[in-house]
There are 2 protein chains.
Amino acid sequence: MVRVEDMPVLDERKHKILMLLIQSYLETGEPVGSRTLSKLLEDNLSSATIRNEMSDLEEMGYIMSPHTSAGRIPSDMGYRFYVNEIMNESDKKCNEMQAFVIEKTEKMEKVLKQVVKTLAVNTNYATMITSPSTSGNRVKFIQLSAFDEKKLVALIVMDGNIVKNKVIELNEDLTQETILKLNLLLNTTLNGLSREQINLGVIAKMKEQSEGYQQIVSDVLDAVADAFNEDDDLEVYTSGATNLIKYPELAAPESAERLLMAFEDKQELKEFLEEAKEDLSDDGIKVYIGDESQVQSMQDCSVVTATYDLGNGMSGHIGIVGPKRMDYKSVLDSLKTIKSQLDSTFSGDKKKK
Amino acid sequence: MVRVEDMPVLDERKHKILMLLIQSYLETGEPVGSRTLSKLLEDNLSSATIRNEMSDLEEMGYIMSPHTSAGRIPSDMGYRFYVNEIMNESDKKCNEMQAFVIEKTEKMEKVLKQVVKTLAVNTNYATMITSPSTSGNRVKFIQLSAFDEKKLVALIVMDGNIVKNKVIELNEDLTQETILKLNLLLNTTLNGLSREQINLGVIAKMKEQSEGYQQIVSDVLDAVADAFNEDDDLEVYTSGATNLIKYPELAAPESAERLLMAFEDKQELKEFLEEAKEDLSDDGIKVYIGDESQVQSMQDCSVVTATYDLGNGMSGHIGIVGPKRMDYKSVLDSLKTIKSQLDSTFSGDKKKK
DNA sequence: GTTAGCACTCGTAGTTTAAGAGTGCTAACA
DNA sequence: TGTTAGCACTCTTAAACTACGAGTGCTAAC
């Protein structure tokens, strides 16, 4: 793992050469030789001079040669250098963003799937997105309704207007009156309470007052717990995992398989995205190079993550996974665009599910 | 495409040799030579004799040689022959089925994901399952509740106890009385109606009686339409797609990529599974070999599909995709086991979502 | 500090070679 | 007539060899 403090300072020429070398490698994926750089560089320096500089850069740890007689490729530290550089400058340019079209669908799920797919198609990398999670949610409204002889449906609305329902099967008929009473009890007791506030005391008190309908109360509580647990079964949607095997450096059978399996299983991705929120930079975008991501199967990849915020207390994470030589500039731009699109799409529209 | 009528009849010895050849190929994945078969066969026939028989079988179209000096491999017709054979006999044996454990979760979605994963792990092939769909559904119960100043939630219960809800935002406050009236109107008008029965006439009549709350009625109708449309966004859950690239005959870069992409996109799978229900055999299990599946990306695969039935009018489809030389016997057994497990798991438990 | 020149290294791609597996055919045998 | 041994032939695969080109490091000269 590279620490920024450990990175040697570069004079102007080395800086230029390093950036050029990395750019060239990002484009071609081929090791870059001294002659290539010499031609790329506007100063007419001979390849021999460049060779000396490259030798220095290699010693410093910014670049390395895959074998003796190939050119040089960036090390993880080299990539880190490059990314740090463009993170600084990228705001200035803001090159013509492709506008992504997000159809305004009612279902959050569909929007997320669409976003993740759009991103994957546009970037040609693998993408992932978590469904938005609400923190510090509260119960807003509960209603029981009998819709069949021995069946109730419990409707639970949470603060973020998340609606949950649960079918409850009964052993006996309930009078309309009983249902009204239960509704009253449930609402007066639970409304406005957060997960933490619904403790054993509250539960005991409710059961006490429920006069023989403990089972129903307990079923409703299950459903309430479910609504709170929305976070726990946070979904991760992915797309374009197969894009990755197009990059030769990731196509090695074993590593490719592990990568694809990670995208199929999603558990690891979920954990990673959840952790990613811990160390946010100012704009919520962060780049993980190689082992920085701490995900075993992505040691040979870079991951760019962003946080999106739907405004009503709901936020989630987006990630783009590509080879280390991914086109960081365009990925950063894409993510920024998506971020703002998501924000605006839902600014006035708080529906969910 | 092979038609059973076109398959030449085989004498006993050819039958035995063909079955043996295919079994050997299924196990090893290597072309089978005459010497191998000679040793495998209990009758002491020389390889030369076998060669003659194989030559005949090749002429008939049951087997083919990948190149001159390799052994023979089954043709699609050969596989078809084999599958037809074991479909007949497999019921007799019923070898010790592995019991799959289906945890009884509340959410259908989780069950399906678990099933598809279990199957994939057990068979080492790729698996897919559609969520159960209900045909001929009707509206059973509708309820509007105000849970916030200007927000209603419409709760719709369908015949299969599928529950849908939709949040409706209002421009004005509604009195409790108005809501009761609307509830009455909605229930008296819509209850018991199927998708087809809710036509323009019914809608017009409702709007007429809704006295200025047309917007709400129309929103509710949207939600109802949604509930009916459950079928349209039938989900397909998949697992183990990466298993496929372990089989050399499928690992060729281009074809493997198409396969994996099919499993990522799922649209094609969905269509295939929906069509599969058209031509059911008696026990709901069907085997598609090669181009029989009509799915472009699976020309080199075999697909075994089964229908599962949850009893309350809900049914869906399972599919297992593997190389043509998949272990049909164990796949058929696994599917049968899962089928019965699914049936029994939900026999007394009609919850959904 | 820069550059030209040169020997050297190493990976890639193409060719050659040898080995092995399997076939088809022929002729002999029961 | 069915079965078998034998043999020449084909074809794939892997290993060994070759030639080539790209790139380097070093030295010596500018």
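When reading the values below, keep in mind they use all heavy atoms of this one structure, side chains included, and skip hydrogens, waters and symmetry mates. Quick note on labels: first sequence line is chain A, next is B, and so on, each numbered from 1.
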Whole-Å distance separating the CD atom of Glu53(B) from the C1' atom of dT4(D): 14 Å

N or O in side chain of Ser46(A) less than 4.0 angstrom from dT3(C) OP1/OP2: yes

Integer-rounded Å distance: dG11(C) P and Ile73(A) CD1: 13 Å

Pairwise side-chain contact, Pro8(B) with Glu59(B), heavy-atom cut-off 4.5 Å (strictly under): no

Side-chain donor-acceptor pair present, Glu271(B), Gln267(B), cut-off under 3.5 Å: yes

Which atom of Pro248(B) lies closest to which atom of Arg325(B), heavy atoms considered: CD-NH2, 4.0 Å

Flag side-chain contact, heavy atom, 4.5 Å: Val287(B) against Tyr79(B): no

Side-chain donor-acceptor pair present, Thr337(B), Ser334(B), cut-off under 3.5 Å: no

Test log, rule salt bridge (Lys or Arg N to Asp or Glu O under 4.0 Å), inputs Asp43(A) and Arg13(A): CA-CA 10 Å; Asp43(A) 331 17; Arg13(A) 194 164 77 182; over 6 Å; no

Length of the CG-P vector between Leu41(A) and dT2(C), whole Å: 12 Å

Asn44(A) CG - dT3(C) P separation (whole Å): 8 Å

Protein proximity profile, nucleotides 16-30 of chain C - base contact B, sugar-phosphate-only contact S, no contact -, cut-off 4.0 Å on heavy atoms: -----BSBBB-----

Atom-to-atom span, CG of Asp56(A) to P of dT2(C) - whole angstrom: 11 Å

Among dG11(C), dA4(C), dT4(D), the one nearest His67(A) by side-chain distance: dG11(C)

Positive for salt bridge (charged side-chain N to carboxylate O under 4.0 Å, His left out) with Glu58(A), one of Arg72(A), Lys14(A), Arg51(A): Arg72(A)

Touch class at under 4.0 angstrom, heavy-atom based, for Asp43(B) against every strand present: nothing

Secondary-structure string, 5' to 3', Watson-Crick or G-U under 3.5 Å, | for another-strand partners, for DNA chain D: ||||||||||||||||||||||||||||||

CG/Asn44(A): more than 12 non-hydrogen atoms of other groups inside 6.0 Å: no

Matching residue for His15(A) among Phe81(A), Tyr62(A), Tyr82(A) - test: ring pair (Phe, Tyr, Trp, His ring centres under 6.0 Å): Phe81(A)

